[in-house]
There are 2 protein chains.
Amino acid sequence: MLKISKKADYALMALQHIALVQFGDVTPGRVVNTKEIAEEYNIPLELLAKVLQALSKNGMIESHNGPKGGYLLARNASHITIAQILESIEGPLGLTDCSHEKDGDFCMQREHCNIRTPLLKVQDSIYQLLNSMTLQDMMGGTPLITIQSPSTQGVDR
Amino acid sequence: MLKISKKADYALMALQHIALVQFGDVTPGRVVNTKEIAEEYNIPLELLAKVLQALSKNGMIESHNGPKGGYLLARNASHITIAQILESIEGPLGLTDCSHEKDGDFCMQREHCNIRTPLLKVQDSIYQLLNSMTLQDMMGGTPLITIQSPSTQGVDR
DNA sequence: CTTGAGTCCGACTTATTTGATCGGAGATCA
DNA sequence: TGATCTCCGATCAAATAAGTCGGACTCAAG
Ligand code: FES
Ligand code: FES
């Protein structure tokens with residue numbers, strides 16, 4: 001349950017790879033093209049292309065056309081959060097169909113719904129969680145995210 | 001993204017309804033049948049039945065057959081967590097396909113995978129989150145779950 | 001004991017989403 | 001100019017979820 005799509009998976013891998021090349025290496029200005037990533041991680045080329053397109057459209061990476069072209073991180077790795085990446089590929093976060101109340105978009109159960117409010121809270125918590133972890137954090141195995149709740153007080157990791 | 005299935009939705013509603021009848025009301029021993037819930041929340045009858053079956057099979061509720069039959073909460077509402085409910089309906093929690101390493105179940109990207117470890121941590125955090133919230137909590141608008149992470153220190157709700 | 005209303009339960013069909021693919025247009029550098 | 005590479009839309013196939021159907025069982029009243 002709560003599985004994220006493979007496209008989102010690919011997006012994370014690709015971004016991390018780009019970040020790695022751009023940061024850790026001695027070749028700071030190097031661009032990285034689709035093929036390179038696809039072969040490295042055994043990802044279907046065309047599908048990965050689609051993913052990268054979406055990422056660039058959402059301002060996560062910059063695309064450079066033509067020969068010697070490729071992709072570049074749009075901002076610092078510490079300013080790109082997991083939530084942003086995932087939302088670029090799949091829609092906005094929403095546990096239920098009726099999380100985001102559009103006009104007229106009425107859930108059949110809305111009237112007597114008893115789970116809307118608590119679920120929205122859970123959803124919000126998950127969002128904070130995803131939005132507090134950055135690409136940077138994913139690279140260096142840096143910080144752990146800890147949860148505090150009334151029932152699991154003091155439980156660490 | 002991260003949408004839970006409608007069946008899981010229905011499960012939460014149904015369980016909360018059962019808990020409400022069994023606890024808050026003056027009819028402590030009353031059983032509640034499928035039809036009652038289905039009509040109350042506009043849920044397809046047969047589908048809800050399926051959901052309830054799964055729940056009973058996983059020990060969340062008890063089923064009583066025959067006329068005047070129906071469902072009963074198997075344990076106290078404060079001992080049923082959201083995570084348990086969701087896992088009864090959908091499979092076990094897993095952000096990626098390769099979260100649970102079965103034998104021979106090798107992810108194509110496993111060798112060079114750079115996102116496995118951090119994602120598992122995120123997954124674990126989410127699980128703690130879901131597992132720290134009980135049916136009881138959902139009923140009375142009781143406790144809020146708070147998150148603490150290095151980057152959002154001090155941010156409350 | 002018989003009967004029948006009411007329920008549980010598994011198999012089946014249909015709809016929706018996701019994964020993956022193809023072909024062409026536009027841009028850049030040698 | 002020409003070759004190479006990215007970008008972008010439309011399209012096809014597979015997986016999953018949503019919803020439906022009919023039979024087996026159980027209890028309680030008559
Ligand atoms: S399920 Fe739509 S409002 Fe609760
Ligand atoms: S995606 Fe399977 S191991 Fe990382």
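Throughout, protein chains are lettered first and strands after them, A, B, ... in sequence-line order, and every chain is numbered starting at 1.
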Among all residues two or more places apart in sequence or in another chain, which pass the side-chain hydrogen bond (donor to acceptor under 3.5 Å, both in side chains) test with Ser88(A)?
-> none
Can you give me every donor-acceptor pair (side chain of residues 34-48 of chain B, partner residue at least two apart or in another chain, under 3.5 Å) with its distance?
{"from": "Glu36(B)", "atom 1": "OE1", "to": "Arg30(B)", "atom 2": "NH2", "distance (Å)": "2.9"}
{"from": "Glu36(B)", "atom 1": "OE2", "to": "His17(B)", "atom 2": "NE2", "distance (Å)": "3.2"}
{"from": "Glu36(B)", "atom 1": "OE2", "to": "Arg30(B)", "atom 2": "NH2", "distance (Å)": "2.9"}
{"from": "Tyr41(B)", "atom 1": "OH", "to": "Asn114(A)", "atom 2": "ND2", "distance (Å)": "3.1"}
{"from": "Tyr41(B)", "atom 1": "OH", "to": "His17(B)", "atom 2": "ND1", "distance (Å)": "3.0"}

Identify, with sequence neighbours excluded, every residue that meets side-chain hydrogen bond (donor to acceptor under 3.5 Å, both in side chains) alongside Ser63(B).
-> none
How far apart are the closest heavy atoms of Ile61(B) and Leu52(B), and which atoms are they?
-> CD1-O, 3.6 Å
Just the endpoints, please: which first and last nucleotides of DNA chain C, 5' to 3', lie under 4.0 Å from a heavy atom of chain A?
-> dG19(C) to dT28(C)
Given side chains that start at C-beta, do those of Tyr10(B) and Lys6(B) come closer than 4.5 Å, heavy atoms only?
-> yes
For nucleotides 8-16 of chain D, which of its nitrogen or oxygen atoms have a protein nitrogen or oxygen under 3.5 Å away, and what is each distance?
none

Considering all heavy atoms, the nearest Gln16(A)-Met139(A) contact = NE2-CA, 3.6 Å
Sequence neighbours left out, what passes side chain to side chain contact (heavy atoms under 4.5 Å, CB included) with Asn76(B)? Give chain and number order.
-> Phe23(B), Ser78(B), His79(B)
Distance, rounded to the nearest Å, where Leu55(A) contributes CG and dT6(D) contributes C1' = 15 Å
Any residue of residues 33-47 of chain A with a heavy atom less than 4.0 Å from an atom of DNA chain C | Pro44(A), Glu46(A), Leu47(A)
By side chain to side chain contact (heavy atoms under 4.5 Å, CB included) - contacts of Pro92(A) (at least two apart) = Glu87(A), His100(A)
Closest non-hydrogen atoms of Ala77(A) and Thr134(A), given as atom of the first, atom of the second and distance, are O-CB, 3.8 Å
Among all residues two or more places apart in sequence or in another chain, which pass the side-chain hydrogen bond (donor to acceptor under 3.5 Å, both in side chains) test with Thr81(B)?
-> Asn131(B)
Strictly under 3.5 Å: I want the nitrogen or oxygen pairs between protein and nucleotides 26-29 of chain D, one per line.
{"from": "dT26(D)", "atom 1": "O4'", "to": "Asn65(B)", "atom 2": "ND2", "distance (Å)": "3.3"}

If every non-hydrogen atom of Val31(B) is compared with every non-hydrogen atom of Gly69(B), which pair is closest and at what distance?
-> CG2-O, 3.6 Å
Distance below 4.0 Å between Tyr10(B) side-chain N/O and dG19(D) OP1 or OP2 = yes
Got a sec, which pairs hit side-chain hydrogen bond (donor to acceptor under 3.5 Å, both in side chains) with one end in residues 50-60 of chain B, sequence neighbours left out?
-> none
Applying side-chain hydrogen bond (donor to acceptor under 3.5 Å, both in side chains) to Ser5(A) and not counting sequence neighbours gives Glu90(A)
